[in-house]
A.B. asks: 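Once you've had a glance at the structure underneath, I'll fire off some questions.
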Amino acid sequence: MFSDALGDVPPGSAGGLLHDDTRFISSWLLTLDGQRLSLLKSRVVDYYSAGFFTTNADLPDLRANTLSIRRFRFVGGGVHEQIAIYNASLEKVRFELRLAAGADFADLFEVKSRVRDRSAQIDVEHDPDEALLHFHYEREGFLAETNVQVTHSRMIQGMEGDEVGPVPVTIEGDDYVWQIDLLPRHTFTTILRVTVRVNDKVLQPMHQEFGEEREHSEGALSMWLDEVPRFQSDSSLLRSVLDKSILDLAALRITGELGNEPYVLPAAGLPWFMTLFGRDTLITSLQTVWVGSELARGALHLLGGLQGTEVNDFKDEEPGKILHEVRNGELTVLGEKPHSPYYGTADATPLFLVLMSEYWRYTADDDFVRARWDKVMAALEWVDRFGDRDGDGYVEYQTRSSQGLGNQCWKDSWDGVQFADGRIPYLPIATAEIQGYVYDAKLRVAEIAEGLMDDAPFAERLRKEADQLRDAFNNDFWSDARGGYYVIGLDGDKRQIDSMTSNMGHLLWSGIVPEDRAKIVAGHLMSEDMFSGWGVRTMSQTDSGYNPIGYHVGTIWPHDNAIVAMGLAKAGFRDEANQIAMAQLEAAGFSEHRLPEAFAGFDRNLGRFPVPYPTACSPQAWATGAPFVFVKAMLGLDARDGKVTIDPRVPESIGRVFIHGMHAFDTHWDVEATGTNGDVRLTS
């Protein structure tokens with residue numbers, strides 16, 4: 001549920017109660033004598049709950065700040081909301097309390113743009129005897145309902161005292177109305193419950209108090225929460241950021257069952273992307289595989305189960321391809337949008353292979369990987385046959401869908417890929433980082449083929465293909481301009497798209513960069529043009545298209561910086577990796593220890609605090625996972641062949657880092673490090 005600081009969802013706003021990509025509450029406005037309340041303080045408490053503390057404005061018959069008004073909201077299944085109003089004065093106060101509710105059943109795609117008017121198709125029924133509002137919307141193949149009910153309204157003595165008597169509620173239009181005579185030192189309380197229905201599935205509120213999550217955790221999620229490692233550090237900043245990330249990962253979980261196997265995996269982000277994304281989910285799982293491998297297992301299981309099987313132009317689907325995004329709203333269900341699922345991404349498929357390898361390295365779960373070898377082979381087939389559209393050895397993208405994405409790399413906004421002079425390139429486009437992912441994927445699959453599937457000839461073929469890709473890539477994507485750097489991609493005419501971007505750091509991570517060029521790349525990434533002091537910008541300030549608040553052309557993305565940091569560390573630039581890690585952790589300290597999806601590329605010296613991107617998701621999965629990558633880079637943590645190893649270079653400002661119960665090889669490990677000294681041992 002997305003509301004303003006007062007807890008309200010004003011009509012016409014982008015707020016509301018969202019489920020399965022449908023808005024079930026579009027208006028939720030509390031007024032006192034016709035006036036909105038005045039904010040004292042509000043915040044999220046648990047990831048499923050929030051508290052809003054307000055008071056009354058100055059009214060003709062009521063002095064400002066006479067009443068203390070609190071709203072406690074619990075979201076899960078449906079909504080349970082408690083409203084309490086305390087009269088701190090020595091006189092009886094009379095006022096009208098009104099809560100206006102509405103449901104427009106907008107599809108999530110419309111919420112962010114233009115909402116079609118469904119009012120003629122929405123049936124609204126009132127049941128005054130049950131204090132019930134019922135909103136019903138139905139088209140062939142799609143049904144949605146919202147039920148709002150006041151379960152009780154009463155007067156109590158004091159703030160938490162004995163009940164004095166009931167307070168009647170009436171319904172006027174779609175508003176609940178209470179006429180209240182509130183005695184001195186008395187409190188009026190009421191509870192509202194919102195239930196929703198999507199086709200045959202009915203959801204009812206599961207929470208009504210703070211701190212209840214453990215009672216409602218089930219299956220793989222509960223196991224993951226119980227098993228998550230415990231982090232300690234001399235740095236209170238690092239501890240706080242990691243604690244927040246653990247809670248946010250729980251908030252972003254998707255659970256379910258496919259093929260009689262339960263799964264838990266991270267959705268992409270709140271409020272707009274609480275769904276399965278290929279790229280986002282895979283990268284988040286890569287970030288957290290050493291924290292909780294269940295997330296990676298769930299991602300591989302579900303994404304493999306939804307792997308493309310046919311050529312479908314509307315959905316940009318091809319056999320072996322890993323999806324981009326799944327949606328469940330009306331427009332998708334009825335076929336007006338292609339997201340059932342939509343496959344318009346060129347990087348998810350190689351990242352699927354990278355994650356399969358990383359999961360295998362950390363878990364030695366041979367049976368899981370062996371059972372999905374056909375998925376691995378199908379993904380490789382897609383890379384070579386459909387991904388490489390013209391046979392030049394590179395994976396390119398170009399949508400075939402009337403509603404497809406123009407850019408199908410991680411910088412998938414319309415202008416996310418551009419020339420240094422700001423021109424937009426012609427499709428199809430082969431971006432640099434995707435070639436790096438393919439290179440890494442083929443080497444990793446070769447390792448599995450040889451070590452698990454006993455297929456040395458296939459492994460040798462993959463290694464040869466990777467070597468050929470590496471040689472060609474370093475010829476075609478390298479520019480001698482600006483002291484030498486990797487361009488962001490090749491356009492439809494095989495011309496270099498010559499903007500300088502953070503994608504170079506992804507190349508270090510994939511290992512496709514020769515040693516003699518790695519130092520040059522590191523220098524660019526840490527230059528004043530790229531590094532703001534809070535992190536590496538998505539685009540150099542020297543490029544014409546640079547915009548510090550442009551979505552992919554100058555902003556700073558935590559997940560991007562995490563990949564860059566890992567790339568720098570892998571190439572031996574440990575101090576530079578730590579510099580990025582510390583900058584990002586310090587940035588999180590300005591936003592309640594949570595890294596947002598992205599923030600502005602302004603120089604740190606300008607404002608001395610990071611500026612969030614205007615519509616950034618928070619929490620957002622791969623930003624939530626980024627701090628775990630920074631810790632991994634500091635520790636030089638790795639797991640392979642049944643062993644956990646570290647090569648620490650922990651910044652002095654962090655001091656000691658201790659991880660109790662790290663997951664690897666179906667057991668738990670303790671990891672401890674200070675500076676360049678460290679120790680790994682099995683948990684006793």
Side-chain angles (χ1 to χ4, degrees), residues 1-3 7 9 15-28 44-50 71-82 99 101-108 111 118 122-125 127 130-139 141-151 174 191-210 212-222 250-258 262-276 302 326-333:
M1 189 165 184
F2 184 33
S3 71
V9 180
L17 175 66
L18 299 163
H19 175 70
D20 263 0
D21 304 317
T22 301
R23 183 161 63 178
F24 287 86
I25 290 289
S26 56
S27 177
W28 194 256
V44 170
V45 179
D46 303 299
Y47 65 77
Y48 56 86
S49 61
R71 304 167 77 173
F72 293 158
R73 178 173 299 153
F74 307 88
V75 180
V79 177
H80 178 99
E81 181 155 336
Q82 305 170 6
L99 185 122
D104 64 1
F105 300 107
D107 189 286
L108 186 65
V111 173
R118 293 172 173 81
I122 297 175
D123 296 323
V124 184
E125 298 179 2
D127 186 343
E130 298 293 331
L132 176 69
L133 298 176
H134 173 77
F135 302 87
H136 175 97
Y137 173 71
E138 186 171 4
R139 291 178 63 186
F142 184 81
L143 181 151
E145 290 182 352
T146 304
N147 291 292
V148 185
Q149 186 172 27
V150 175
T151 59
D174 297 334
I191 292 177
L192 298 102
R193 286 171 59 85
V194 181
T195 63
V196 302
R197 176 184 176 188
V198 185
N199 295 322
D200 295 328
K201 187 176 182 180
V202 177
L203 298 175
Q204 299 187 19
M206 64 170 63
H207 304 294
Q208 55 184 2
E209 297 293 342
F210 295 115
E212 285 186 325
E213 170 58 24
R214 285 301 179 131
E215 299 177 18
H216 300 284
S217 298
E218 298 178 357
L221 171 64
S222 179
L252 290 166
R253 90 285 191 192
I254 295 175
T255 60
E257 184 175 299
L258 179 69
Y263 61 79
V264 55
L265 52 83
L270 289 167
W272 308 121
F273 303 111
M274 196 62 185
T275 186
L276 173 66
L302 186 56
V326 176
R327 292 294 183 179
N328 299 290
E330 174 191 355
L331 301 183
T332 299
V333 170

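What you see below is based on every heavy atom in this structure, not just the backbone, and it leaves out hydrogens, waters and symmetry mates.
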A.B. asks: As an exercise, state the distance from CG of Leu143 to OH of Tyr137, rounded to the nearest 0.5 Å.
C.D. replies: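 That separation rounds to 10.5 Å.
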A.B. asks: Rounded to the nearest 0.5 Å, how far apart are CG of Asp107 and CG of Asn328?
C.D. replies: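 These two atoms lie 10.0 Å from each other.
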A.B. asks: Evaluate the side-chain proximity of Val9 to Met1: yes if any heavy-atom separation is below 4.5 Å, no if none is.
C.D. replies: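 Side chain of Met1 against side chain of Val9, heavy atoms only: contact under 4.5 Å found.
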A.B. asks: Do the side chains of Glu130 and Gln149 get nearer than 4.5 Å, heavy atoms only?
C.D. replies: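 Yes. Closest side-chain heavy atoms under 4.5 Å.
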A.B. asks: Walk me through whether Tyr48 and Met206 qualify under side chain to side chain contact (heavy atoms under 4.5 Å, CB included).
C.D. replies: CA-CA 10 Å; Tyr48 56 86; Met206 64 170 63; over 6 Å; no
A.B. asks: Can you tell me how far CG of Asp46 sits from NE2 of His207, rounded to the nearest 0.5 angstrom?
C.D. replies: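 Those atoms lie 8.5 Å apart.
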A.B. asks: Measure the CZ-CZ distance between Arg139 and Arg118 for me, rounded to the nearest 0.5 Å.
C.D. replies: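 It is 7.5 Å, given to the nearest 0.5 Å.
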A.B. asks: Is any side-chain heavy atom of Leu17 closer than 4.5 Å to a side-chain heavy atom of Thr146?
C.D. replies: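 When only atoms from C-beta onward are counted, Thr146 and Leu17 do not touch, as no gap falls below 4.5 Å.
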A.B. asks: If you compare all heavy atoms of Ala103 against all heavy atoms of Ile122, which two are closest, and at what distance to 0.1 Å?
C.D. replies: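 Residues Ala103 and Ile122, closest heavy atoms: O-CD1, 3.4 Å.
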A.B. asks: Return the OG1 to CD1 distance between Thr151 and Ile191, rounded to the nearest 0.5 Å.
C.D. replies: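 Taking OG1 in Thr151 and CD1 in Ile191, the distance rounds to 4.5 Å.
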A.B. asks: Minimum heavy-atom separation for Phe74 to Ser49, with atom names?
C.D. replies: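 Smallest heavy-atom distance, with atoms named: CD2-CB, 3.6 Å.
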A.B. asks: Would you call Thr22 and Val198 a side-chain contact if the rule is heavy atoms closer than 4.5 Å?
C.D. replies: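 Not in contact.
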A.B. asks: How far does NE2 of His134 sit from OG1 of Thr195, to the nearest 0.5 angstrom?
C.D. replies: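 Taking NE2 in His134 and OG1 in Thr195, the distance rounds to 9.5 Å.
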A.B. asks: State, to 0.1 Å, how close Ser3 and Arg73 come at their nearest heavy-atom pair, and which atoms those are.
C.D. replies: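 In this case the closest contact between Ser3 and Arg73 is OG-NH1, 3.3 Å.
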A.B. asks: Which heavy-atom pair separates Gly16 from Arg23 by the least distance, and what is that distance?
C.D. replies: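 For Gly16 versus Arg23, the nearest heavy atoms are CA-CD, 4.0 Å.
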A.B. asks: Could you check Asp21 against Thr332 for side chain to side chain contact (heavy atoms under 4.5 Å, CB included), going step by step and ending with a plain yes or no?
C.D. replies: CA-CA 9 Å; Asp21 304 317; Thr332 299; over 6 Å; no
A.B. asks: Using side chain to side chain contact (heavy atoms under 4.5 Å, CB included), reason through Leu108 and Thr275 one step at a time and then give a plain yes or no.
C.D. replies: CA-CA 11 Å; Leu108 186 65; Thr275 186; over 6 Å; no
A.B. asks: Quick one: does Phe105's side chain get under 4.5 Å of Glu330's, heavy atoms only?
C.D. replies: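 Side chain of Phe105 against side chain of Glu330, heavy atoms only: no contact under 4.5 Å found.
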A.B. asks: Are there over 12 heavy-atom neighbours, none belonging to Gln82, within less than 6.0 Å of that residue's CD?
C.D. replies: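 Result for CD/Gln82: enclosed.
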A.B. asks: Could you report the tightest heavy-atom contact between Val196 and Gly77, atom names first, then the distance?
C.D. replies: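 Answer, listing the atom of Val196 first, then Gly77: CG2-O, 4.1 Å.
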A.B. asks: Determine, step by step, whether Leu99 and Trp28 satisfy the side chain to side chain contact (heavy atoms under 4.5 Å, CB included) criterion, reporting the C-alpha distance in whole Å, the side-chain angles of both residues, the deciding distance to 0.1 Å, and the verdict.
C.D. replies: CA-CA 7 Å; Leu99 185 122; Trp28 194 256; 3.9 Å; yes
A.B. asks: Measuring only between side-chain heavy atoms, which start at C-beta, is Arg71 closer than 4.5 Å to Leu192?
C.D. replies: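 No, every pair of side-chain atoms sits at 4.5 Å or beyond.
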A.B. asks: Has Arg193 got a side-chain atom pairing as donor or acceptor with Asn147's backbone, closer than 3.5 angstrom?
C.D. replies: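 No, the answer is negative, given that no donor and acceptor are paired below the 3.5 Å cut-off.
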